[in-house]
Amino acid sequence: MPNAIAKTCGEYLVELLAAYGVDTVFGIPGVHTVELYRGLPNTHITHITPRHEQGAGFMADGYARTTGKIAACFIITGPGMTNIATAMGQAYADSIPMLVISAVNGRHELALGAGRLHELPSQRNLLAGVSAFSHTLLRPDELNEVMARAFAIFNSARPRPVHIELPLDVITASAAHLKLPIITKSSRPAPSPDAIQQAAQLLAQAQNPLLLFGGGAAQAASAAQALTERLGALTVTTINGKGILPPAHPLLLGSTLPQPPVLDLLRDADVVLAVGTELGETDTLLFDSKPDITGQLIRIDLDPEQLYRNAAPTLAITSDARLALEALNIALADHQPLTHTATQAQQLREQLQSLLSPTQQVHQRVIAQMRAVKPETIIVGDQNQPVYTGNLTDEPDTTHAWFNSSTGYGTLGYALPAAIGAKIAHPDCPVLSLIGDGGFQFTLPELATAVEQGLALPIVVWNNQCYGEIKRYMQDRDIPTIGVDIYTPDLLTIARGYGCYAVRAESLSDLQAQLELAYQADKPTLIEINEAQALHW
C-alpha cells in the first residue's frame, strides 16, 4: 500500500521538480495521478487547477513564454493526454518549453487492450509527435536521468514540450533510496569563429542588407539592436520576435514580412541575415510558395535542422542567437553603418500604413487604445481578425508582450488560458486576452480558473457571431459560407455567471475606461466589442 512506503516515486518526482526550480504546476487530479499530489505540500510548488487539460497546457505555455521558466502539467492517463495534445502542438511549433507528467496503466498492462480505465494503445507514441521526447519510466531509478535529459533540452536545445509517463505500479513504487542530484545547467552552442568571420565579411560588403529576427532571437535583443545600428541595416521581426527592437527605432519595419514591399526587400537584398526563424508560412503568409531570396542568405539558429527549412542558406551557423550576434558585433566593430536606410525605412513605413484596409485601420485603433492604457501590457491573442492586424501593426516595448496562436500550429481557444498563465507568472504586470467569440467558446470554462485565482484580467472579446476570417476566405473564393455563421450566446450573462465583471464597450474612449477599471478589479472582466458597432469607431 502506498501509505506504507517511506517515499513513493510520485512523491520523489515532486521533490525533483522543486530542485529544478519548478514553482508552478497546472493540473486536474485523477485517480491515476493522485500519487503526484502526496508530496506537493512539502514543497513551495503552487498548484493551479484548470477546467480542461487543454487549458493546463495553454496556461503552462503562457507562463513559460513570458518568464522563460518551466511550468509542469500533471495530466491523467488517456483522455487527459488527448486533451492536452493540442496545447503541446502549439508549444512544439513555437519552441516553447513545457514539462508534461502523466500516469499510464501498469507495466504489465501496456498495449494489451484489456479495457482498462483511460487505456490507449500507446499513449507515449501519441504524444511523441508533439514533444522533443516522450518517455515511459520503467523503474524509479531512471527518473533522475530522464529529468536531466528534459532540462538539457529546455536549457540548451530548441525548447519544446517533454512528456514523461509513470506506469501506475512505478508511480507508487518506493523511491526512498533515491538522492536528489546536483543540478548542473548545460550551456548553449556557440558559433564557429570561422563562420562568424565569413558572416561578418558578407555583411560588411553588403550595400542593401536586410536583418530578420525571429522568436529564437528574443533573448538577444540587446545584441540584435547593436548589430542593426552597426550595419545601418533595415530590420524586420517575425511575430514572435516583436519587441527585439524598440517600436520607434528608425530602422525597424516591424513584423511586416507578409506585406509586398517587404517581400520585395527580402528578394532584392544583397545579404539577408535570418536569426532564430524558420521563415515559415505563418511568418511570410506565402501559402503556395517559399520566400524568394536572390542574395546571400546567412542563417543562425540553435537547431541545425532549422537552418535549411524553407530557404537554403549561403552560410549556416548553428549557435545560440545571443552568442552569435555578440560575436558579429565584435567582428564588425570598425564597420561604418549605411546612412541612407533611415529615410528608406520611413518611406516604407508610410507605404505599409497605406496598405491597411479600412477594417484593419479600425483594428489598429482598437489595439492602439489597449496599448495607450498601459504600454507595458502583455497582450495574449487568439486566431481572430484584430489579432491578424495587430501582428502587422502592434510594436511593444519589450519581447513577449504580444504573442498569439496564429503563429505555427494555429489553434483556437488559446488566448484566455495562455493569458491566465502569463498573469499568474506576472501578477503585478497588466495582461490582456484578445479573442473572438468563436475561439472564446473553445476554452470559455477557464473563466472559472481566472475567478478562482482572483486575476485582474481584462478579456476582450471581438464578437461578430461568426468564424470571421474563414467566412471572408470563403467569400473571396466564391464558396458558400456554410458552417461559419454561429450562434453565440449572451457572453456577458455567462461571464457574470462565472463570477466575472462583464461590460460592453461602446466606443474607443469607453474601452479605455473599462480597461482602466478592469486592471484595478479583484477578478476578471469580460469586455465585449460588437464588431458591427466597432467598425464605425
Side-chain angles (χ1 to χ4, degrees), residues 55 58 357-371 373 377 379-391 393-394 404-406 410-420 431-448 450-451 457-475 481-515 517-518 521 523-537:
F58 288 148
S357 70
T359 298
Q360 287 177 311
Q361 291 175 35
V362 171
H363 300 157
Q364 185 182 30
R365 287 195 287 274
V366 168
I367 294 168
Q369 190 72 295
M370 295 174 181
R371 279 270 172 241
V373 174
T377 299
I379 299 179
V380 185
D382 215 77
Q383 285 216 90
N384 64 5
Q385 290 169 312
V387 167
Y388 297 144
T389 300
N391 284 342
T393 62
D394 184 63
N404 55 75
S405 57
S406 75
T411 181
L412 285 170
Y414 172 86
L416 172 59
I420 291 171
V431 178
L432 181 153
S433 170
L434 174 59
I435 192 167
D437 59 296
F440 184 49
Q441 293 182 73
F442 274 52
T443 52
L444 183 153
E446 300 303 351
L447 288 176
V451 170
L457 177 68
I459 303 155
V460 179
V461 179
W462 183 268
N463 191 348
N464 54 16
Q465 299 186 322
C466 65
Y467 297 116
E469 184 65 11
I470 305 306
K471 183 175 182 178
R472 184 192 62 79
Y473 192 86
M474 296 168 93
Q475 290 169 332
T481 54
I482 298 170
V484 288
D485 290 301
I486 59 173
Y487 170 71
T488 296
D490 183 342
L491 299 176
L492 299 182
T493 297
I494 288 175
R496 291 178 186 128
Y498 271 103
C500 301
Y501 299 113
V503 294
R504 181 176 293 117
E506 303 292 347
S507 64
L508 278 178
S509 59
D510 189 34
L511 174 62
Q512 175 181 339
Q514 298 300 342
L515 285 172
L517 289 172
K523 55 187 177 182
T525 302
L526 187 144
I527 303 174
E528 183 184 63
I529 296 177
N530 181 287
E531 181 186 71
Q533 184 179 11
L535 291 181
H536 299 287
W537 289 1

What heavy-atom pair brings [X] and [Y] nearest, and what distance separates the two atoms?
{"X": "Cys500", "Y": "Val451", "result": "SG-CG2, 3.7 Å"}
{"X": "Ala521", "Y": "Tyr501", "result": "CB-CE1, 3.8 Å"}
{"X": "Leu434", "Y": "Pro386", "result": "CD2-CB, 4.4 Å"}
{"X": "Leu444", "Y": "Leu416", "result": "O-CD2, 4.1 Å"}
{"X": "Trp537", "Y": "Val366", "result": "CE3-CG2, 4.0 Å"}
{"X": "Glu446", "Y": "Ile420", "result": "O-CD1, 3.4 Å"}

Keeping [X] on the side-chain end and [Y] on the backbone end, is there a donor-acceptor pair under 3.5 Å?
{"X": "Gln533", "Y": "Ile529", "result": "no"}
{"X": "Arg504", "Y": "Asn530", "result": "no"}
{"X": "Asp510", "Y": "Glu506", "result": "yes"}
{"X": "Asp382", "Y": "Gly413", "result": "yes"}
{"X": "Thr389", "Y": "Gln364", "result": "no"}

Measuring from [X]:[atom1] to [Y]:[atom2], what's the distance to the nearest 0.5 Å?
{"X": "Gln441", "Y": "Ile494", "atom1": "CD", "atom2": "CD1", "value": "7.0 Å"}
{"X": "Gln383", "Y": "Glu469", "atom1": "CD", "atom2": "CD", "value": "9.0 Å"}
{"X": "Cys466", "Y": "Arg472", "atom1": "SG", "atom2": "CZ", "value": "11.5 Å"}
{"X": "Asn384", "Y": "Trp462", "atom1": "CG", "atom2": "CH2", "value": "9.0 Å"}
{"X": "Leu491", "Y": "Leu447", "atom1": "CG", "atom2": "CG", "value": "9.0 Å"}
{"X": "Gln369", "Y": "Ser507", "atom1": "CD", "atom2": "OG", "value": "8.5 Å"}

So, using side-chain hydrogen bond (donor to acceptor under 3.5 Å, both in side chains) as the criterion, who are the partners of [X] when residues are at least two apart?
{"X": "Thr393", "value": "none"}
{"X": "Thr359", "value": "none"}
{"X": "Arg365", "value": "none"}
{"X": "Gln465", "value": "none"}

For Ala419, side chain to side chain contact (heavy atoms under 4.5 Å, CB included) partners two or more places apart: Val380, Val431, Ser433, Leu457

Non-neighbouring partners of Val484 that pass side chain to side chain contact (heavy atoms under 4.5 Å, CB included), sequence neighbours left out: Tyr467, Ile470, Lys471, Met474, Thr481

Result of checking Ile379, Val373, Leu515, Leu511 against Pro458 for side chain to side chain contact (heavy atoms under 4.5 Å, CB included): Leu515

Tyr498 vs Leu526 side-chain heavy atoms within contact, under 4.5 Å: no

Trace of the side chain to side chain contact (heavy atoms under 4.5 Å, CB included) decision for Phe440 with Ile459: CA-CA 10 Å; Phe440 184 49; Ile459 303 155; 4.1 Å; yes

Step-by-step side chain to side chain contact (heavy atoms under 4.5 Å, CB included) determination, Val503 to Leu492: CA-CA 7 Å; Val503 294; Leu492 299 182; 5.7 Å; no

